[in-house]
Q: 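Questions regarding the structure given below will be posed in turn.
Letters A, B, ... are given to chains in the order of the sequence lines, protein chains preceding strands, and every chain is numbered from 1.
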2 protein chains.
Amino acid sequence: MKKHQTTIIDIAKELGISKSTVSRALTGHPSVHEQTRDKVLQLANELEYQRNMFSIGLMKRASRTLGIIVPEFSRSFFPQLIIGAQERAKEAGYNLIISQSDESYETEVSNARVMLAHQVDGLLISITRETNNFDHLKLFQRKGIPIVFFNRVCDEMIVPKVIVEDYEGAFAAVEHLIARGKRKIAHLSGPESLSICKRRKAGYTAALAKHNIAFDEDLVVHYDLAINKVKFYINYFLNLKERPDAIFCINDPTAIEAIQLIKKTGLAIPGDIAVIGFSNDFASSIIEPALTTVEQPIKEMGRTATQLLLDQIDRDVANWKAPTVVLKTQLIVRDSS
Amino acid sequence: MKKHQTTIIDIAKELGISKSTVSRALTGHPSVHEQTRDKVLQLANELEYQRNMFSIGLMKRASRTLGIIVPEFSRSFFPQLIIGAQERAKEAGYNLIISQSDESYETEVSNARVMLAHQVDGLLISITRETNNFDHLKLFQRKGIPIVFFNRVCDEMIVPKVIVEDYEGAFAAVEHLIARGKRKIAHLSGPESLSICKRRKAGYTAALAKHNIAFDEDLVVHYDLAINKVKFYINYFLNLKERPDAIFCINDPTAIEAIQLIKKTGLAIPGDIAVIGFSNDFASSIIEPALTTVEQPIKEMGRTATQLLLDQIDRDVANWKAPTVVLKTQLIVRDSS
DNA sequence: CTGTTAGCGCTTTCAT
DNA sequence: ATGAAAGCGCTAACAG
């Protein structure tokens, strides 16, 4: 199958007028005779003319395309976020190229390369759990292509970021556990390299402090978010001399896995051990007992990140102060606590 | 922020050689002096040169980009499928532009337009539950851009398709229910317009027939897949004079919703009513009782569809017989039946 | 092995 | 209101 594209030249030839006039008519330029424009538009329609993005891109040095790189999308979080981003992009007349890095640093670098090759006008990114080096992203800055981080952000780069109230959310979750009478509250956290984990842990610690509960090193564990390893850490918690009476998990998939594991041991949730997650993923209301969790506005995060990106693209900003937008979180109390 | 692109011309000038030589060196053309090539490659690297897809696309009339349009991706099915598609595309040196039509025909048409504007070399698509008119897709054929349907296919277009053994899967599911002693088996199906639903229904009907169970019109309901309407149909089933003792649902989200609703009424699953889904989504092993379902090879479907698309792109086929690939399904028996 | 030339399809001056 | 011409960055002939 060979593609045949209807071009402006075809239309011009057919109508016996110049290419430039056709171009003007097609782009809605005012200085075109109405009759001429109508004729052009009609013929273009008949021939199913489609503007060639390559030549336009070549001329304008802009693709009107944004890129988004997410670490994974097997769980509902990132797909939902992408829906928000896509909505906002579309409203603004931009398209979105999506790619997922599968929690692999290498793939992330390769995806970034693809985005560059596709001449995206801007990049949205949430980094993998492995990403420690940011050269591939700094390259965008050097090339003058704006970046916005969301969810998992990079602290060392000064660009706009969208995060949620991780600290406050974690604080509220732990305070809620305390209100339920729990005192030995464990925290199953993610990689220490992710700032999101640091903030949630800080909220956890602060809530304990406020209520005069001693911070116990043994009750906090960091893991790499590989879901199949959760069993190891849950076992660890359950076998402690003084078993924790609650576990605050870094995210919903972790919490859901934890619940399934704990149920198998015969322990009662939340009686023996309460469990709390973070994010309010779809599955959290399905599991039994239904998961108490900290809801974050996922779609909104996608929209906001996209907006911040558009702001940078439109504005011709030399010393633009990169904002960090912090979205609200809300504790959803269900049956697991 | 204004983009500055390093171009081949920059490199040529810097090195005092011709653009074509630079181009040849960069594209790995054999007829370039090794020294020259090394110099070019090194400088390109230093200057962080990035090929401009626009000019290449303009020249080659190909974008090395595939498009994929899915009806939604809030559930895990399509994201997983996309992962498979992306894998295969990447292996073949293609990029993938993803868009989701939100189960809206209008959005699907608009997304198709976007794909066209982006000059995709081929399109993968699973239609929305609303799509009855296929003009927007036939346009691709007219333009010589290959299409492959997957999952939700269009019967009236003769293009490659990837589906699963819907009939066989449904047959196995219903036969399993019969083996469990169920006799009044209901079927909550999707829109009659989707061939996928027709095939599953046919499997259902055939299994009943094989075991001499009369087909009961009242036990089959079609709905539009809007998940919040499931309660209406479940209620209908539960209030029938002779309540069904099993429900075969068109997909896992429907089945999961059904289980939640049935549990609220106090009926026992599977004792009073067994429930079976289709697809083996992530959530199906989380719900309690765990959902019996027909597993389909989701990632594989994405890979296969992509391969069929690549086949069409590479081959210069006038009268290429469009294949329909049918992937295996497998019944996963869990606790809901 | 390397350079020259001529476009790909479009927009954008600059004329008229 | 329209046309002519130049060129975006690259590659593919065709020469040497």
Side-chain angles (χ1 to χ4, degrees), chain A residues 2-41 43-44 47-65 116-121 143-145, chain B residues 2-41 43-44 47-65 116-121 143-145:
Chain A
K2 210 169 75 195
K3 285 193 245 183
H4 176 68
Q5 277 242 72
T6 310
T7 73
I8 282 195
I9 300 180
D10 297 334
I11 298 178
K13 215 175 273 174
E14 182 78 23
L15 256 42
I17 58 179
S18 79
K19 308 158 216 179
S20 25
T21 303
V22 175
S23 169
R24 282 190 273 256
L26 253 20
T27 50
H29 202 91
S31 65
V32 179
H33 198 89
E34 204 174 326
Q35 250 174 34
T36 323
R37 196 186 47 231
D38 288 352
K39 271 199 297 191
V40 170
L41 257 41
L43 185 59
L47 297 178
E48 296 174 321
Y49 168 75
Q50 189 74 36
R51 296 163 76 191
N52 184 321
M53 292 299 281
F54 295 139
S55 34
I56 296 175
L58 196 53
M59 277 298 305
K60 303 217 168 170
R61 289 134 162 285
S63 58
R64 291 201 80 78
T65 297
L116 231 35
H118 268 256
Q119 317 277 136
V120 294
D121 292 341
K143 298 216 179 239
I145 303 170
Chain B
K2 209 169 76 195
K3 285 193 249 184
H4 175 68
Q5 277 244 76
T6 310
T7 72
I8 281 194
I9 301 180
D10 297 334
I11 297 178
K13 218 175 269 172
E14 183 77 22
L15 256 39
I17 57 178
S18 79
K19 307 160 216 178
S20 26
T21 303
V22 175
S23 168
R24 281 188 273 256
L26 253 21
T27 50
H29 202 92
S31 65
V32 180
H33 198 85
E34 205 174 325
Q35 247 174 38
T36 322
R37 194 185 49 228
D38 288 352
K39 272 199 298 192
V40 170
L41 257 40
L43 185 59
L47 297 177
E48 297 175 322
Y49 168 75
Q50 190 72 39
R51 298 162 77 190
N52 185 322
M53 291 299 280
F54 295 138
S55 33
I56 296 176
L58 196 53
M59 274 298 306
K60 304 218 168 170
R61 289 133 164 284
S63 58
R64 292 202 79 77
T65 297
L116 231 34
H118 269 255
Q119 318 277 137
V120 295
D121 293 339
K143 299 217 177 240
I145 302 170

Q: Measure NZ/A:Lys13 against C1'/C:dG9 and give the value in whole Å, please.
A: 13 Å
Q: Does a side-chain heavy-atom distance below 4.5 Å link A:Ile8 with A:Ile11?
A: no
Q: To the nearest Å, give me how far apart CG (A:Leu15) and P (D:dG3) are.
A: 10 Å
Q: Distance check, rounded to the nearest 0.5 Å: B:His33 atom NE2 versus B:Asp38 atom CG?
A: 9.5 Å
Q: Round to the nearest Å and state the distance from B:Glu34 atom CD to C:dT2 atom C1'.
A: 17 Å
Q: Using 0.5 Å steps for rounding, measure from the CD atom of B:Glu14 to the NZ atom of B:Lys39.
A: 11.0 Å
Q: Without decimals, in angstroms, what is the distance between A:Met53 CE and C:dC10 C1'?
A: 12 Å
Q: In whole Å, what is the span from the CD1 atom of A:Ile11 to the P atom of C:dC10?
A: 8 Å
Q: Applying salt bridge (charged side-chain N to carboxylate O under 4.0 Å, His left out), name anything that partners A:Glu48, two or more places apart in sequence or on another chain.
A: B:Arg142
Q: Is B:Ser18 close enough to C:dT4 that one of its side-chain N or O atoms is under 4.0 Å from OP1 or OP2 there?
A: no
Q: Please enumerate all residues that pass side-chain contact (heavy atoms from CB on, under 4.5 Å) together with B:Ser55, with sequence neighbours excluded.
A: A:Leu58, B:Asn52
Q: What string of B, S and - do you get for nucleotides 9-16 of chain D, 5' to 3', if B is base contact, S is sugar-phosphate-only contact and - is no contact with any protein heavy atom under 4.0 Å?
A: BBBBB---
Q: Starting at atom CD1 of A:Ile17, determine the distance to atom P of C:dC10, rounded to an integer number of angstrom.
A: 14 Å
Q: OG/B:Ser20 to NE2/B:His29 distance, rounded to the nearest 0.5 angstrom?
A: 10.5 Å
